[in-house]
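These notes concern the structure reproduced below.
Sequence lines set the chain letters: A, B, ... in the order given, protein chains first and strands last, and positions in each chain run from 1.
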Amino acid sequence: MQGTVRLMQGNQACAHAAIAAGCTFFAGYPITPSSEIAEELARLLPRMGGKFIQMEDEIAAMAACIGASIGGHKVLTATSGPGFSLKQENLGFAVYTEIPCVVVNVMRGGPSTGLPTSPAQGDVMQARWGTHGDHPMVVLAPASVREIYDLTIQAFNLSELCRTPVILLYDEVIGHMREKTEVPDPSQFKIIDRKQSTSSPDAYLPYKGDEDDVPAFVRFGEGYRYHITGLAHDERGFPTQNPRVVEAKQRRLHRKVEQRREEIVAHEAFLLDDAEIAIFAYGVTARSARAAIRTARKEGIRVGLFRPISLWPFPDLELEKLAGQVKAIVVAEMNLGQLIYEVDRVVHGQTRIVAYQKASGEPVHPEEILTAVREHR
Amino acid sequence: MFDYEQYFRREMMPHIWCKGCGNGVILKALLRAIHRLDLSKDQIAMVSGIGCSSRLTGYVDCNTLHTTHGRALAFATGLKLARPEVTVIVITGDGDGLAIGGNHLIHAARRNIDLTCLLFNNQIYGMTGGQVSPTTPEELFSTTSPYGNIEAHFDPCRLVEGAGGTFVARGTAFRTIPLEKLIAEGIQHKGFSFIEILTTCPEIHGRRNKLGTPAEMLQALAKTTLPTGVLRKTSAPEYTEVCEGIIARAQGRG
Ligand SMILES: Cc1ncc(C[n+]2csc(CCOP(=O)(O)OP(=O)(O)O)c2C)c(N)n1
Ligand code: SF4
Ligand SMILES: [Mg+2]
């Protein structure tokens with residue numbers, strides 16, 4: 001079946017895709033530039049029999065989502081900068097207790113209250129490492145309205161599959177942009193639900209990973225009577241300080257995401273086959289890069305785009321291949337250096353890395369990238 | 001003799017509480033209240049924050065969720081909304097529920113969501129070694145009020161009343177039969193129920209302030225000048241039911 005074509009805003013697409021992915025619960029707290037997601041879901045969820053609640057702050061919104069997920073719902077929360085900071089502690093709780101949830105962070109200028117209505121890409125490292133402690137994290141970065149739709153569904157699927165939070169990270173421009181968007185028909189995507197336990201209540205071990213390192217789930221109230229805690233815990237879910245048990249859990253948490261690398265890691269390669277210069281960019285910056293590339297190609301400059309779609313895990317292997325092929329990689333970001341350090345780590349001296357960084361609250365203009373490309377051809 | 005074992009998780013024993021701590025007495029009253037109401041363990045969820053008191057959830061054989069410091073009510077709100085048919089009991093302390101989690105207490109009460117919140121008020125941060133709390137009486141000593149507490153303490157029951165809580169009560173870890181009845185009544189009440197339980201921390205707070213033996217400290221609770229028993233009981237629309245009404249309306253059924 002074909003999809004339907006509509007004029008859609010990025011945040012609106014996120015809300016609609018959440019419903020398509022099976023989301024039945026949203027808890028949030030208003031903040032620009034993410035509020036449209038909450039507003040749209042406040043309207044849509046009750047129609048589908050789902051629950052919407054505006055909590056007293058982002059800490060509570062994150063907590064309520066985790067509580068509802070433990071009750072068996074697919075859950076979403078959406079926020080921006082300051083609110084994303086507030087969510088961090090409970091986000092770590094969800095990682096450690098392996099409770100699926102999707103968190104949207106629409107990036108605005110910061111730090112602090114910063115530029116509430118302007119785009120930025122300053123939360124890339126926070127998304128990876130914002131909650132304390134050693135932990136894996138899955139972060140997806142769409143660059144169009146349609147991609148917000150697709151990656152919202154993907155975020156729910158990965159979260160259910162790995163029983164870990166997934167963050168959808170995009171900037172204000174992508175969130176507020178309206179584009180003609182083909183909304184896919186449900187027959188065009190697959191929906192994944194968390195694995196349910198098939199063992200009896202007596203034999204159930206809530207934190208024993210299966211072969212895929214993911215434990216099977218049972219929602220509260222089904223007769224399994226188990227314990228969930230943010231303290232280090234054993235396979236029964238009970239607190240432990242046994243070094244071997246603690247380390248085994250920690251390694252399994254990481255492994256369950258690493259095991260799925262093929263399914264999670266994604267990037268777009270645009271005109272890279274013959275490229276001498278690659279631009280590395282994501283989100284709205286990648287859109288400007290694409291425009292710059294078209295112009296540069298007309299000038300005879302062989303340049304292409306490497307756009308990471310999963311920021312975390314980082315597309316190491318894919319980028320490393322490219323490093324051997326091009327004579328320079330222009331890393332364009334709306335921050336003063338975040339993912340460039342990852343690029344540097346992967347490239348490992350194989351090619352030149354050129355930074356184009358902007359932190360004014362304005363998107364990077366194609367002309368600016370073009371100039372950088374011309375200088376380094 | 002009441003059989004407490006039927007509700008305990010044997011594998012979690014021994015518990016972490018100090019000898020003579022008031023928490024155990026309250027736990028027993030809670031279990032008797034559950035028994036009195038003939039609630040199935042499968043249908044009960046207990047949600048707690050962080051603190052000595054919040055460790056309670058680990059010991060009870062039901063659906064238990066030990067969350068982050070101060071946030072138990074927010075987690076419980078999501079869980080209750082997701083599964084209105086589950087009886088959700090929240091365990092919190094005076095630091096957990098009134099300092100870091102005070103805002104969530106206000107809003108859970110305001111929403112009148114059907115949770116039963118037991119606040120273990122031992123007037124101190126027990127778990128972290130005896131720092132001053134929002135209910136530490138003026139002039140008492142703690143590790144962070146070495147010259148005596150200079151801040152005013154406050155009455156959480158009045159806070160919850162002000163925020164619209166529909167069932168507000170106060171009991172003590174000394175009078176355990178009335179406490180058991182209060183807890184049972186709180187669980188039965190439809191809407192947000194708040195029960196402040198005056199209790200003791202003999203090991204840390206008691207020793208530092210020379211408040212006597214654990215038994216003497218428990219006895220002293222009986223002499224509280226604060227009103228005990230049910231302080232407020234009214235009815236108002238319950239949050240999860242109101243939500244179901246909204247769904248019915250949005251679907252054109254209401
Ligand atoms: C965000 C955060 N801040 C601080 C702590 C440290 N902490 C753990 S328990 C606690 C106080 C607990 O006091 P209370 O709620 O009165 O419980 P009690 O131990 O007295 O029963 C604190 C400050 C924490 N775990 N998390
Ligand atoms: S420190 Fe105090 S509150 Fe904590 S278990 Fe010991 S006596 Fe009880
Ligand atoms: Mg206390």
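- Here the side chains of B/Ile247 and A/Arg47 are not in contact, with every heavy-atom distance at 4.5 Å or above.
- Heavy atoms closer than 4.5 Å to chain B are found in both the backbone and the side chain of A/His227.
- Each of A/Val75, A/Leu45, A/Ile53 has some count of heavy-atom pairs under 4.5 Å with chain B, and the biggest count is that of A/Ile53.
- When heavy atoms are compared at a cutoff of 4.5 Å, B/Arg111 approaches chain A solely by way of its side chain, counted from C-beta outward.
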### Message
With side-chain contact (heavy atoms from CB on, under 4.5 Å) as the criterion, how do A/Leu231 and B/Arg55 come out once you've worked through the C-alpha distance, each side chain's angles and the decisive distance to 0.1 Å?
### Response
CA-CA 11 Å; A/Leu231 284 166; B/Arg55 282 299 195 98; 3.4 Å; yes
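- Interface remark: B/Arg9 contributes side-chain atoms only to the contact with chain A (heavy atom separation under 4.5 Å).
- Ranked by heavy-atom pairs under 4.5 Å with chain A, the first of B/Asp61, B/Leu73, B/Thr77 is B/Asp61.
- Not one N or O on the side chain of B/His107 forms a donor-acceptor pair closer than 3.5 Å with the backbone of A/Glu56.
- Atom NZ of residue A/Lys51 and atom CD1 of residue B/Ile246 lie 12.0 Å apart, to the nearest 0.5 angstrom.
- Residue A/Phe220 touches chain B through both its backbone and its side chain, counting heavy-atom pairs closer than 4.5 Å.
- Annotation: maximal heavy-atom pairing with chain A below 4.5 Å, among B/Gln43, B/Lys80, B/Lys41, occurs at B/Lys41.
- For the set A/Arg43, A/His73, A/Glu222, A/Arg219, the count of heavy-atom pairs under 4.5 angstrom toward chain B peaks at A/Arg219.
- In the displayed structure, B/Gln6 atom CD is contacted under 6.0 Å by more than 12 heavy atoms of other residues, nucleotides or ligands.
- The heavy-atom pair separating B/Thr68 from A/Phe93 by the smallest distance is CG2-CD1, 3.9 Å.
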### Task
Begin from the C-alpha positions of B/His66 and A/Ile228 and carry the test side-chain contact (heavy atoms from CB on, under 4.5 Å) through to its verdict.
CA-CA 6 Å; B/His66 178 224; A/Ile228 299 178; over 6 Å; no
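- The number of heavy-atom neighbours closer than 6.0 Å to CZ of B/Arg158, taken from other residues, nucleotides and ligands shown, is 12 or below.
- Contact annotation for B/Thr87: neither backbone nor side-chain heavy atoms come within less than 4.5 Å of a heavy atom of chain A.
- Most heavy-atom pairs under 4.5 Å with chain A: of the set B/Ala82, B/Gly252, B/Ser40, B/Cys243, this distinction falls to B/Ala82.
- Summarising the geometry, atom OG1 belonging to A/Thr97 is positioned 8.0 Å from atom CG belonging to B/Leu65; distances are rounded to the nearest 0.5 Å.
- Residue contact with chain B, scored on non-hydrogen atoms closer than 4.5 Å, involves the backbone of A/Met48 exclusively.
- If you tally non-hydrogen atom pairs under 4.5 Å between each of B/Cys62, B/Ala72, B/Ala250, B/Gly58 and chain A, the highest count goes to B/Cys62.
- Other residues, nucleotides and ligands place no more than 12 heavy atoms under 6.0 Å from the NZ atom of A/Lys208.
- The CG atom of B/Asn63 lies 8.0 Å from the CZ atom of A/Arg225; values are rounded to the nearest 0.5 Å.
- Separation of atoms SG (A/Cys65) and CG (B/Leu79) is listed at 12.5 Å; rounding is to 0.5 Å.
- Rounding to the nearest 0.5 Å gives a distance of 6.5 Å between CZ of B/Arg71 and CG of A/Asp57.
- Only the side chain of A/Arg236 comes within less than 4.5 Å of a heavy atom in chain B; its backbone stays farther off.
- No more than 12 heavy atoms of other residues, nucleotides or ligands shown are found within 6.0 angstrom of CD on B/Glu151.
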